[in-house]
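Heads up, the thing below is written out as structure tokens.
Along the sequence shown, residues carry numbers from 1.
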Amino acid sequence: MLFSRRVVPALVLLFLLTLAAARLTMTIGDRTFYVDNAHKNLATVTALLTTSLKLLEASGADFDHETFLESLVAGNVLPADALLFVTDRDGTILSAIPRDDSRIGTSVYSLVSDPRELLAADATDRILDIGFLGGSAIAATADLPRDGGKISLFWPETDFLAKWREKTAVSVSLFALTGAILLLVLKAYFRQSRRAEDFSGLCAETHERVEIALSRGRCGLWDWDIARGQMYWSRSMYEILGMEPKDGVVSFAEVAPLMHPDDGGLFHIARSVAEGRIEHLDQVFRMRRADGDYVWIRGRANISTGADGDIHLIGIAADVSEQKELLRQTDEANHRLKNTIEHISETFLLCDREKRVVICNSVYRKTFGLKEADVLAGTPLDRLLRKARLPIRSITLESETLAEGESAVEAQMPDGRWLLISERRTADGGTVWVGTDITQIKHHKTLTKDSRQKLLATIAKLEAATADAERKADQLSELNLRYVAEKERAEMASRAKTAFLANMSHELRTPLNAILGFSDIIRQRTFGDIGERYGEYVDDIHTSGSHLLTMIEDVLQMAMIESGRLELSSEEVEFSQIVRDSAAMIEPLAREKGISLAIEAPDMLAVMSDRRAASQVVLNLLSNAVKFTPQGGEVRLRLRQVGDAASLSILDDGPGIPKSALASLGLPFAQAGDAQVRSNGHGTGLGIPIARALVHLHGGRLRIGSRVGRGTLVCLRLPVSAPIAAETAQRVRAQPPKRVTRRTSARPSRAAA
């Protein structure tokens with residue numbers, strides 16, 4: 001229907017367009033025909049006029065335009081509705097056919113839209129299409145003999161196409177009438193087809209709703225024509241079997257192979273219907289799907305006789321595979337439940353609301369001395385209890401956790417076992433009893449009662465110990481408060497000491513500089529010679545003053561470090577060059593003592609450091625090594641890069657430092673070693689603390705390892721790229737650097753660095 005609604009209008013419109021095109025083609029052809037005839041007639045008339053004028057000229061007679069025009073009218077030579085004008089050489093009209101006195105004396109060129117077409121050189125040799133009196137016309141001209149005048153002939157288009165227009169008007173009217181009749185027929189067709197489509201849509205919608213309902217319910221409709229062996233299936237029936245839906249019917253031969261051989265066949269059903277042995281069908285059978293699996297189908301149908309007397313079996317087929325699978329799972333679940341109840345360690349008995357046995361496990365039978373015949377399903381509960389073995393002692397338990405209708409009893413059996421028997425109501429009004437063996441729990445309760453007394457005694461002891469601990473905690477709290485107060489007092493004293501040292505060192509430098517200056521003037525004999533003994537005294541004064549000034553400088557620098565006023569600048573310095581320069585400064589002292597100074601350093605090793613502080617650290621450590629190394633000893637320096645740090649190790653073979661002295665080596669004014677070693681050192685004990693503090697300000701580490709009689713190893717590490725951090729300086733100001741010692745069992749080697 002939808003196809004015809006689309007095709008029929010298209011065909012009608014195509015017919016109308018074809019008819020219109022044919023009519024238009026014929027009309028255009030007719031017009032061309034009339035135009036060609038007009039051209040031919042006008043050409044013939046023009047040729048006749050030209051011939052007549054030439055004959056008149058040849059005869060030598062004078063040309064009289066009035067006489068000539070009368071002869072033309074008498075001979076009926078001119079086409080109907082054609083206009084003829086006789087003009088002089090200037091185009092002035094002398095006479096005309098039909099006669100029109102209003103145009104006599106006017107110019108013929110004023111009648112045309114473009115006079116140039118009449119004045120063209122070839123105007124007498126062809127038919128002209130020209131604008132004439134506001135319309136279109138065809139024109140021809142002929143030259144008059146001798147005087148240069150012309151005869152101009154005009155045939156308006158409205159005149160020679162008049163018959164064509166009448167014919168065209170009749171054709172258009174017929175075409176319009178035909179089109180109107182076809183459109184009315186098409187409209188009637190549309191109205192009828194719309195009604196049919198509405199009815200068809202209603203039927204299709206109803207059919208679709210039925211199909212959706214059947215599909216959702218996994219059902220299919222079928223109509224079996226017993227006599228013809230044909231079946232009609234609904235689309236949902238095909239969906240149940242996983243087949244492609246198709247229109248029409250399926251044959252008996254197509255359906256029969258789909259039936260499972262164990263569920264009977266269609267032939268048996270058809271024969272039973274034909275013999276009248278069944279009036280309706282209600283059967284469950286299996287049918288094979290398109291993928292090869294079988295589905296369970298429940299077919300229900302009634303016998304119906306058609307108007308032609310044919311017997312039909314009409315009904316519905318429902319997919320009951322899920323119900324079959326659910327039934328199988330239910331049976332399997334019941335079997336599992338019975339198996340589980342049978343194998344649990346507790347006694348289990350379930351009765352219905354009529355107090356009859358539903359299920360009982362073997363543990364219950366053994367515990368209460370029953371046989372299988374005594375606990376069959378449906379056995380009254382009172383009969384079972386009369387045959388059961390009774391407990392010798394029962395204790396009813398009361399608890400708030402027990403729900404309504406729930407009870408619990410502790411029962412002691414004749415064999416000495418204890419059971420906790422719980423009784424609960426089921427949702428359907430039945431009762432279930434579960435008995436749990438609690439013999440071990442009862443035994444543990446007895447033991448727990450004995451342990452409780454011991455536990456109470458232990459708790460009493462713990463309470464006494466807790467009171468004693470609280471008393472000691474109060475004492476510790478009081479001691480802690482005293483410690484805090486003493487710590488604050490010590491820190492204040494340390495700050496006062498640091499300030500005192502800084503002020504005293506600053507005040508002592510001025511007189512010491514004067515002493516050194518005057519003693520140096522005396523040593524150089526600037527104002528004259530002095531005695532030899534006074535010269536020695538002056539040398540001692542200058543040496544002692546220089547030593548005292550060095551000590552004051554160290555004290556002042558240590559005070560600045562402890563007070564946090566020492567500022568370092570971070571720049572890229574060549575650390576290997578600093579090590580070589582420091583070794584060059586110490587080399588004269590080493591040569592004086594006959595000490596061998598060995599240096600192992602790369603050509604270049606740049607670090608981010610304060611140049612003056614780095615030089616002071618290396619110089620202090622190297623001078624200490626040379627100072628405490630005996631005559632003829634050896635001092636070795638090794639510089640290398642380890643990861644992102646520069647590692648410098650200084651190894652000497654001096655007397656070494658006792659283990660007990662290493663702990664105080666990093667403290668200010670502390671000197672390690674015996675009295676003889678300290679007397680030879682002439683130091684203040686600030687070299688190592690200053691070096692350690694400067695290294696920590698750089699974010700590095702300083703380690704010292706030593707053994708008496710074997711020498712001392714000092715290891716220094718500075719970051720290669722990390723600049724001096726402000727938080728590092730704050731940490732150093734807040735607390736002294738941590739002392740790190742290392743114990744060595746033999747002479748430290750270069751690899752130990």
Would you say that more than 12 heavy atoms from the other residues, nucleotides or ligands in this model lie under 6.0 Å from the [atom1] of [X], or not?
X	atom1	answer
Glu372	CD	no
Asp331	CG	yes
Arg289	CZ	yes
Arg336	CZ	no
Lys338	NZ	no
Glu325	CD	yes

Does Leu153 form a side-chain contact (heavy atoms from CB on, under 4.5 Å) with Val45? I'd like the steps, not just the answer.
CA-CA 9 Å; Leu153 185 61; Val45 172; 3.6 Å; yes
Can you give me the closest heavy-atom contact between [X] and [Y], atom names plus distance?
X	Y	answer
Thr87	Leu94	C-CD1, 4.2 Å
Thr46	Ala140	OG1-CB, 3.0 Å
Phe348	Asn361	N-OD1, 3.1 Å
Glu244	Tyr238	O-CD2, 3.8 Å
Thr50	Ala142	OG1-CB, 3.9 Å
Gly242	Ala290	O-CB, 3.1 Å

Is there side-chain contact between [X] and [Y], with at least one heavy-atom pair below 4.5 Å?
X	Y	value
Arg31	Thr27	no
Ile151	Thr141	no
Leu19	Thr178	yes
Thr158	Arg165	yes
Phe285	His260	no
Trp296	Arg298	no
Leu111	Leu83	no
Arg286	Asp262	yes

Specify whether Phe132 and Phe154 have parallel, tilted or perpendicular ring planes, treating 30° as the upper limit for parallel and 60° as the lower limit for perpendicular.
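Phe132 and Phe154: parallel rings.
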Regarding Arg425 and Thr431, do their side chains bring together a donor and an acceptor under 3.5 Å, going by distance alone?
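Short answer, yes.
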In terms of side-chain heavy atoms, does Glu342 have a donor or acceptor partner in Ser362 at a distance below 3.5 Å?
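There is such a pair (donor and acceptor under 3.5 Å, judged by atom type) between the side chains of Glu342 and Ser362.
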Tell me whether [X] contacts the main-chain N or O of [Y] through its side chain, where contact means a donor paired with an acceptor under 3.5 Å.
X	Y	answer
Ser171	Lys167	yes
Asp30	Trp164	no
Arg353	Asp428	yes

Which distance, rounded to the nearest 0.5 Å, do you find between the [atom1] of [X] and the [atom2] of [Y]?
X	Y	atom1	atom2	result
Ile297	Ser321	CD1	OG	6.0 Å
Asp319	Met287	CG	CE	11.0 Å
Leu42	Ile127	CG	CD1	4.0 Å
His39	Thr32	NE2	OG1	10.5 Å
Asp129	Ser136	CG	OG	8.0 Å
Ser107	Ile93	OG	CD1	7.0 Å

Test Asn339 against His343 for side-chain hydrogen bond (donor to acceptor under 3.5 Å, both in side chains), laying out the working first.
CA-CA 6 Å; Asn339 193 25; His343 289 84; 2.8 Å; yes
Quick one: do Leu349 and Leu381 satisfy side-chain contact (heavy atoms from CB on, under 4.5 Å)? Show the steps, please.
CA-CA 10 Å; Leu349 175 64; Leu381 179 61; 4.0 Å; yes
I'd like to know whether Lys150 forms a side-chain contact (heavy atoms from CB on, under 4.5 Å) with Phe85, so could you lay out the CA-CA distance, the side-chain angles of the two residues, the decisive distance to 0.1 Å, and finally the verdict.
CA-CA 8 Å; Lys150 284 187 178 183; Phe85 299 99; over 6 Å; no
As a quick check of understanding, evaluate side-chain contact (heavy atoms from CB on, under 4.5 Å) for Phe160 and Asn37, giving each step before the final call.
CA-CA 9 Å; Phe160 68 78; Asn37 284 339; over 6 Å; no
